[in-house]
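Just below is one structure, and these are the notes that go with it.
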Amino acid sequence: MAYDQHLADRIARELQEQGVSAEAKRLMGGLCFVMNEKMCVGTSIDKSNDKPRLIARIGAEAVQVALKNKNCLPFQPAGKVMKDFVSIYEMEIDSDKNLSHWVKLSIAFNHNLNEKKT
């Protein structure tokens with residue numbers, strides 16, 4: 001399972017700055033941060049180009065908006081599109097501000113999932 005350690009460290013730092021407790025787990029071919037027993041955000045290496053990417057679980061509606069960005073693609077491990085997830089490439093997350101945006105979207109969606117459960 002390949003992932004970019006530098007990006008993983010940046011994600012962990014951002015989650016901490018947001019006051020979120022998340023457990024790092026090796027999942028989906030990379031490293032994922034799990035909140036409330038659900039995948040929230042993570043990183044892996046794209047096998048097609050060997051570049052790091054952010055994997056963000058932001059919800060189907062937000063994915064449709066995100067896909068208008070040329071640096072975002074549907075997340076499709078093993079060729080199957082996962083409707084709530086998007087792959088975000090390094091040009092979009094090179095700044096801490098942009099990374100923070102995607103992590104915040106992921107946290108918000110995770111909280112919504114948790115609310116639906118109760």
Side-chain angles (χ1 to χ4, degrees):
M1 288 187 242
Y3 63 92
D4 182 80
Q5 187 62 54
H6 177 67
L7 181 53
D9 292 343
R10 289 178 62 215
I11 295 167
R13 203 169 29 255
E14 182 61 34
L15 288 166
Q16 185 177 25
E17 288 176 11
Q18 296 297 323
V20 171
S21 175
E23 179 183 359
K25 289 187 175 186
R26 290 182 177 255
L27 296 168
M28 299 166 71
L31 185 72
C32 296
F33 293 87
V34 177
M35 289 175 47
N36 304 315
E37 300 177 6
K38 294 174 191 73
M39 191 274 189
C40 180
V41 65
T43 182
S44 69
I45 302 295
D46 187 326
K47 292 177 186 175
S48 69
N49 60 17
D50 288 328
K51 302 257 183 198
R53 64 181 171 185
L54 179 73
I55 303 165
R57 186 177 193 185
I58 59 176
E61 289 179 26
V63 165
Q64 293 307 311
V65 174
L67 292 177
K68 294 176 183 175
N69 181 323
K70 67 179 180 168
N71 294 315
C72 298
L73 294 172
F75 179 60
Q76 32 191 3
K80 180 183 178 197
V81 174
M82 297 184 71
K83 68 179 177 104
D84 288 336
F85 294 80
V86 67
S87 292
I88 304 147
Y89 290 91
E90 60 189 338
M91 295 75 68
E92 178 64 19
I93 53 171
D94 59 354
S95 76
D96 290 339
K97 180 180 176 184
N98 284 354
L99 178 65
S100 179
H101 165 76
W102 294 107
V103 171
K104 285 177 183 176
L105 285 176
S106 298
I107 292 168
F109 183 70
N110 185 281
H111 286 310
N112 286 340
L113 285 173
N114 201 41
E115 287 174 8
K116 289 178 185 177
K117 206 175 178 184
T118 58

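Hydrogens, waters and symmetry mates play no part in the numbers below; they use all other heavy atoms, side chains included.
- Side-chain atoms of N49 and Y89 form no donor-acceptor pair, as typed in the model, at a separation below 3.5 Å.
- When atom types are taken as modelled, the side chain of S106 and the backbone of V41 share no donor-acceptor pair closer than 3.5 angstrom.
- Under the 4.5 Å side-chain heavy-atom criterion for Ile, Leu, Val, Met, Phe, Trp and Tyr, L73 and F75 are members of distinct hydrophobic clusters.
- Between the side chain of N98 and the main chain of E92, a donor-acceptor pair closer than 3.5 Å is present.
- In the displayed structure, Q16 atom CD is contacted under 6.0 Å by at most 12 heavy atoms of other residues, nucleotides or ligands.
- When every heavy atom of I11 is checked against every heavy atom of L54, the shortest pair comes out as CD1-CD1, 3.4 Å.
- The main-chain N or O of K51 is never found under 3.5 Å from a side-chain atom of D46 such that the two would form a donor-acceptor pair.
- Under a 3.5 Å cut-off, the side chain of R53 and the backbone N or O of C72 do not form any donor-acceptor pair.
- The CG atom of L113 lies 6.0 Å from the NZ atom of K38; values are rounded to the nearest 0.5 Å.
- Nearest heavy atom pair, residue W102 against residue A66, reads CH2-CB, 3.6 Å.
- A donor-acceptor pair under 3.5 Å is formed between the side chain of R10 and the backbone N or O of I93.
- Put simply, OH on Y3 and CG on L27 are 12.0 Å apart, with the number rounded to the nearest 0.5 Å.
- Within a 6.0 Å radius of CD in Q5, more than 12 heavy atoms belonging to other residues, nucleotides or ligands are found.
- Listed for the D84 side chain is a donor-acceptor partner under 3.5 Å among the backbone atoms of A60.
- From Q64, atom CD reaches atom CD1 of I58 across 9.5 Å, with rounding to the nearest 0.5 Å.
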